[in-house]
Asks: 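What follows is a structure written as structure tokens; I'll ask about it next.
Positions are given from 1 along the sequence. Start at 1 and go down the list; that is how both ligands and their atoms are numbered.
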Amino acid sequence: MKFKNSYSVVISMLKKEIDKRAEIVNNAIKELLQIKEPEGLYLASMHLIKAGGKRLRPVISLLTSECLGKDYKKILPAIVSIEVIHNFTLIHDDIMDRDELRRGVPTVHRVYGEPVAILAGDTLFAEAFRLITMCDVKHENIIKAVSKLAEVCIKICEGQYLDISYEKRDYITEEEYLKMIELKTATLIACSSALPAILFGEDEKVFESLWKFGLYCGMGFQIHDDILDLIGKDIGKDWGSDLLKGKKTLIVIKAMEKDIELETFGKGKANTEKIKRDVEKLLECGAIEYARKKALEFVEKGKEYLKILPDSKPKQILIELADYLVTREK
Ligand code: IPE
Ligand code: IPE
Ligand code: MG
Ligand code: MG
Ligand code: MG
């Protein structure tokens, strides 16, 4: 008889907890977002949402609501709005990154063309703010939440701007990279974690701690995403896209410090063999290992901020989910 090791038992139990909550989000999406006229616009808007995705951001919001001992049903539209904002950023990100595959399906601009994809993203962006106003909590808290989400969207644009402008720069520092990923990715994860605290009118201290938890975990999450771009299997996205586009990831910054020459970097296209050779070099020189260590460090720092919450089952799941953000295979 074969015994599963303890790590795989923890992961399969965690996945069940995630799936249970992702199901709540998916049902709410079905109820709150419908295909209307003109159908072409709404089909494009819903293309990625329907293709799935891990739903990690709204699952984090559900878990922090549970940790606060609150009824998540009162804020479900806001929880959905986080996933809607995420999908808006993905549609536009795929145009910016010239990517063709996401969630295992062709990207929105590949199927519907760039003009419609831009509109689909814009539609979701506005939809998210309409959703937040539907929460069943005090109006003053809804206003605060709308303001926070708007602030986060501005930061995402700042981060995405830096990300694409760094493609053209020869070198960026680790510090510049970290600021860029904080803006483009970590702020939305921070918001997923802390938005329930705003909506339920929790103390500023609770909000701050949940924000920092999400922010540091989000930093680790993006570093891990950059690693998966190179060594992930069946991630449902274009393999090696960051290398080909000349993205200044932490891995590339480290490799540059070591004077490693990459054949495919910034080349736009390359054959599989060449990409494989570059990945091999990045593994050998320790750049990927360096990034992996950084990602783990960020998550460890993030988890410290959960100390403000009393121990509970959802808190334990949140801790395991934080680790999963930087160990996941997809
Ligand atoms: C992808 O996010 C975009 C990043 C910020 C790295 P996810 O990896 O959460 O994508 P989905 O939602 O599961 O498709
Ligand atoms: C994600 O960064 C940034 C967003 C805010 C959408 P990436 O460009 O690395 O995300 P993926 O790898 O395309 O999902
Ligand atoms: Mg991208
Ligand atoms: Mg990008
Ligand atoms: Mg990526």
Side-chain angles (χ1 to χ4, degrees), residues 47-49 51-58 82-110 114 117-118 120-122 124-125 128 149 151-169 172 176-192 214-215 217-253 265-266 268 275 279 288 291 294-295 325-326 328-330:
H47 176 74
L48 279 184
I49 297 187
K54 298 180 286 293
R55 309 284 195 239
L56 291 177
R57 293 160 189 77
I82 299 265
E83 181 64 20
V84 169
I85 289 291
H86 171 53
N87 280 265
F88 136 64
T89 71
L90 295 180
I91 296 174
H92 285 192
D93 177 72
D94 287 333
I95 299 173
M96 294 181 241
D97 292 347
R98 290 90 76 203
D99 280 328
E100 309 208 333
L101 196 70
R102 176 170 300 277
R103 296 178 172 169
V105 297
T107 47
V108 179
H109 67 280
R110 288 286 297 162
E114 275 187 22
I118 293 169
D122 293 343
L124 292 182
F125 175 71
L149 191 65
E151 218 176 89
V152 166
C153 290
I154 294 168
K155 287 194 190 307
I156 295 173
C157 293
E158 292 171 0
Q160 288 287 69
Y161 171 81
L162 293 176
D163 176 290
I164 52 173
S165 62
Y166 290 168
E167 283 177 25
K168 293 177 191 70
R169 283 229 331 240
I172 68 156
E176 285 172 312
Y177 165 83
L178 293 176
K179 188 65 203 173
M180 180 267 285
I181 66 164
E182 178 185 327
L183 292 165
K184 76 167 183 174
T185 300
T187 47
L188 185 61
I189 298 182
C191 190
S192 315
L215 196 75
C217 289
M219 301 288 289
F221 178 84
Q222 181 62 50
I223 297 172
H224 189 68
D225 177 81
D226 294 346
I227 296 174
L228 289 179
D229 182 78
L230 299 164
I231 59 166
K233 303 258 177 307
D234 303 320
I235 60 170
K237 302 196 280 194
D238 307 48
W239 174 53
S241 168
D242 294 340
L243 265 187
L244 299 174
K245 310 302 162 25
K247 298 281 185 191
K248 304 296 183 301
T249 63
L250 187 55
I251 303 150
V252 164
I253 294 171
F265 192 61
I275 301 176
V279 170
I288 292 182
K294 276 275 163 187
L325 294 179
V326 290
R328 68 203 159 89
E329 288 173 358
K330 287 185 184 188

Asks: Determine, step by step, whether D93 and Q160 satisfy the side chain to side chain contact (heavy atoms under 4.5 Å, CB included) criterion, reporting the C-alpha distance in whole Å, the side-chain angles of both residues, the deciding distance to 0.1 Å, and the verdict.
Replies: CA-CA 8 Å; D93 177 72; Q160 288 287 69; 2.9 Å; yes
Asks: Between T185 and ligand 2, does any nitrogen or oxygen pair lie at a separation below 3.5 Å?
Replies: no
Asks: Does the pair K179 and E182 meet the rule for a salt bridge (Lys or Arg N to Asp or Glu O under 4.0 Å), with working shown?
Replies: CA-CA 5 Å; K179 188 65 203 173; E182 178 185 327; 3.4 Å; yes
Asks: Can a salt bridge be assigned to the pair E167 and K247 using a cut-off of 4.0 Å between side-chain N and carboxylate O?
Replies: yes
Asks: Got the closest protein heavy atom to atom 6 (C) of ligand 2, with its distance?
Replies: T89 OG1, 3.5 Å
Asks: Check whether any N or O atom of D242, backbone or side chain, sits under 3.5 Å from an N or O atom of ligand 2, and answer yes or no.
Replies: no
Asks: Is D226 in polar range of ligand 2, meaning some N or O pair under 3.5 Å apart?
Replies: no
Asks: At under 4.0 Å between heavy atoms, which part of L188 makes contact with ligand 2: side chain, backbone, both or neither?
Replies: neither
Asks: Could you identify the single nearest non-hydrogen protein atom to atom 12 (O) of ligand 2 and state the distance to 0.1 Å?
Replies: K237 NZ, 2.9 Å
Asks: Could you tell me the residue and atom name of the protein heavy atom closest to atom 8 (O) of ligand 2, and the distance to it rounded to 0.1 Å?
Replies: D97 OD2, 2.8 Å
Asks: Under 3.5 Å, N or O to N or O, is K184 touching ligand 2 that way?
Replies: yes
Asks: Just to verify, which of R103, H92, R102, H47 counts as forming a side chain to side chain donor-acceptor pair (under 3.5 Å) with N87?
Replies: R103
Asks: In terms of residue, atom name and distance, what is the protein heavy atom nearest to atom 10 (O) of ligand 2?
Replies: D93 OD2, 3.7 Å
Asks: Assess the side chains of S241 and D99: does a donor N or O sit below 3.5 Å from an acceptor N or O?
Replies: yes
Asks: Which of the numbered atoms in ligand 2 are under 4.0 angstrom from any heavy atom belonging to Q222?
Replies: 1 (C), 2 (O), 9 (O)
Asks: With respect to R102, determine whether any N or O atom, backbone or side chain, lies less than 3.5 Å from an N or O atom of ligand 2.
Replies: yes
Asks: Are there over 12 heavy-atom neighbours, none belonging to R110, within less than 6.0 Å of that residue's CZ?
Replies: no
Asks: Does the side chain of M219 reach to within under 4.5 Å of the side chain of L178, using non-hydrogen atoms?
Replies: yes
Asks: How wide is the angle at the Mg ion (ligand 3) between OD2 of D93 and OD2 of D97, to the nearest 10°?
Replies: 90°
Asks: Is it the side chain (CB and beyond), the backbone, both or neither of Q160 that lies under 4.0 Å from ligand 2, heavy atoms counted?
Replies: side chain
Asks: As an exercise, state the distance from CG of D163 to CG of L183, rounded to the nearest 0.5 Å.
Replies: 11.0 Å
Asks: Less than 4.0 angstrom from a charged side-chain N to a carboxylate O is my criterion; do D229 and K245 meet it?
Replies: no
Asks: Among all protein non-hydrogen atoms, which one is nearest to atom 9 (O) of ligand 2, and what is the separation to 0.1 Å?
Replies: D225 OD2, 3.1 Å
